[in-house]
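Proteins come first, then strands; the chains are lettered A, B, ... in the order of their sequence lines, and each starts at number 1. Computation of the quantities below employed the complete heavy-atom set of this structure, encompassing side-chain atoms and omitting hydrogens, waters and symmetry-equivalent molecules.
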Amino acid sequence: MASAKGAALAPPCWDDATLSRAQLIERVWSEGGARYRDLPWRNIDDPYAVLVSEVMLQQTQVARVERYWTRFLGRFPTADALASASASDVLEMWQGLGYNRRALALKRAADACAAHHGGTLPRDLDQLLALPGVGPATAAGVRAFAFQLPGVYIETNVRTVFLHELFPQHQKVADRTLEPFVRDTCPLGRAVGGEGAASPDVRDDPRAWYYALLDYGAYLKSQVQNPSRRSAHYARQSSFEGSHRQKRSFALRLVLDAPEGLSVAEVAMALDAFEQQQGRPAPGLDVASKLVDQLAGEGFFLVDDGLVRPA
DNA sequence: CTCCGGGATC
DNA sequence: GATCCAGGAG
């Protein structure tokens, strides 16, 4: 008899699963529907606005994104508007949200949409994946939430539901293993290329389905120990205090506040003061210089003649 | 695989 | 103090 543990013994099909396909689908609609979150970026048909939400939500909690999304859309209402903005203006709007690279990537994605897609977003999966900062999850999210198209959308809440319901005793379950189940439960939506109103039945809508999955997953995590820890892709992250990441964020904040530009020496002095104030040794000029070069290389800063300015 | 932000929450 | 977060890129 097969052991219940180990990724190799994952149920290969529904027949071996702890729950039938119909049972799982019913449970998701029921549990997710009962805990529906009426978030501002839901049930909107603006693909750009959906993209902004998806990128903001990458590794970032819903409660934090709520405060940023509305403000960001007010300032950059369209992909063209974002493409026309300066990187520093975008980064300023992003401050406090975290993972500042996402802001640069999102602006570059808007640039690409303005240049190659007439200021709109493509529906095609591969064209979405070609956009900076858009991976499998974000692309599937845009397709489901903006275009109501079916697909495989796997992120932490979706993992939570499938791991909890279908792999309760398994460890290190890969997304590759979940994929067929996720694909097989997503409704197909209306016919490809179809026009007009969406199907009157919400249960045919991939958008409503994934909302239900997200809401059920988010709820589950408040009830049981995070099932996503049993994902093969789960990884703890190093602490933030005293990290290189923290120095990056400090340097970015510093330079954004100095549109006229700073010398590398001035950046080094500010960083030294910050570190010492935190009870840590001063990193010194060498570290600050490498930090500036790195951030400049990623497009955060412009450096000319030893002067560091916001990009 | 590691790196990337930053705050709420426990 | 740890833990987590609608992930993506190198």
Check: Would A:F250 and A:F274 count as a ring-ring contact (aromatic ring centres under 6.0 Å, His included) if you check the C-alpha gap in whole Å, the side-chain angles of each, and the deciding distance to 0.1 Å?
Finding: CA-CA 9 Å; A:F250 176 83; A:F274 174 71; 4.5 Å; yes
Margin query: If I pick the P atom on B:dG7 and the same atom on C:dA9, what distance separates them, to the nearest angstrom?
Written below: 25 Å
Next item on the list: Have a look at A:Y234 and say if it touches a base, only the backbone sugar-phosphate, or nothing, with a 4.0 Å heavy-atom cut-off.
Entry: sugar-phosphate
Margin query: Judged by each residue's nearest nucleotide on DNA chain C, which is more toward the 5′ side, A:V134 or A:T60?
Written below: A:T60
Check: NA contact type, A:Q61, heavy-atom cut-off 4.0 Å: base, sugar-phosphate, or nothing?
Finding: base
Check: Do A:Y216 and A:W29 make the cut of ring centroids closer than 6.0 angstrom?
Finding: no
Check: Taking the same atom, P, in C:dA6 and in B:dC3, what whole-Å distance lies between them?
Finding: 23 Å
Next item on the list: Mind checking A:H244 for me? I need base, sugar-phosphate or nothing, with any heavy atom below 4.0 Å counting as a touch.
Entry: sugar-phosphate
Note to self: Whole angstroms only, please: what is the CG-P distance between A:L97 and B:dG7?
What the structure shows: 10 Å
Check: Are the side chain of A:Y210 and the backbone N or O of A:A144 linked by a donor-acceptor pair below 3.5 Å?
Finding: no
Item checked: Minimum-distance nucleotide (side-chain atoms of A:R229 versus C:dT3, C:dA6, C:dG7) -> C:dT3
Next item on the list: Check every atom of C:dC5, B:dC4, C:dA6 against the side chain of A:Q59 and return the nucleotide holding the closest atom.
Entry: C:dC5
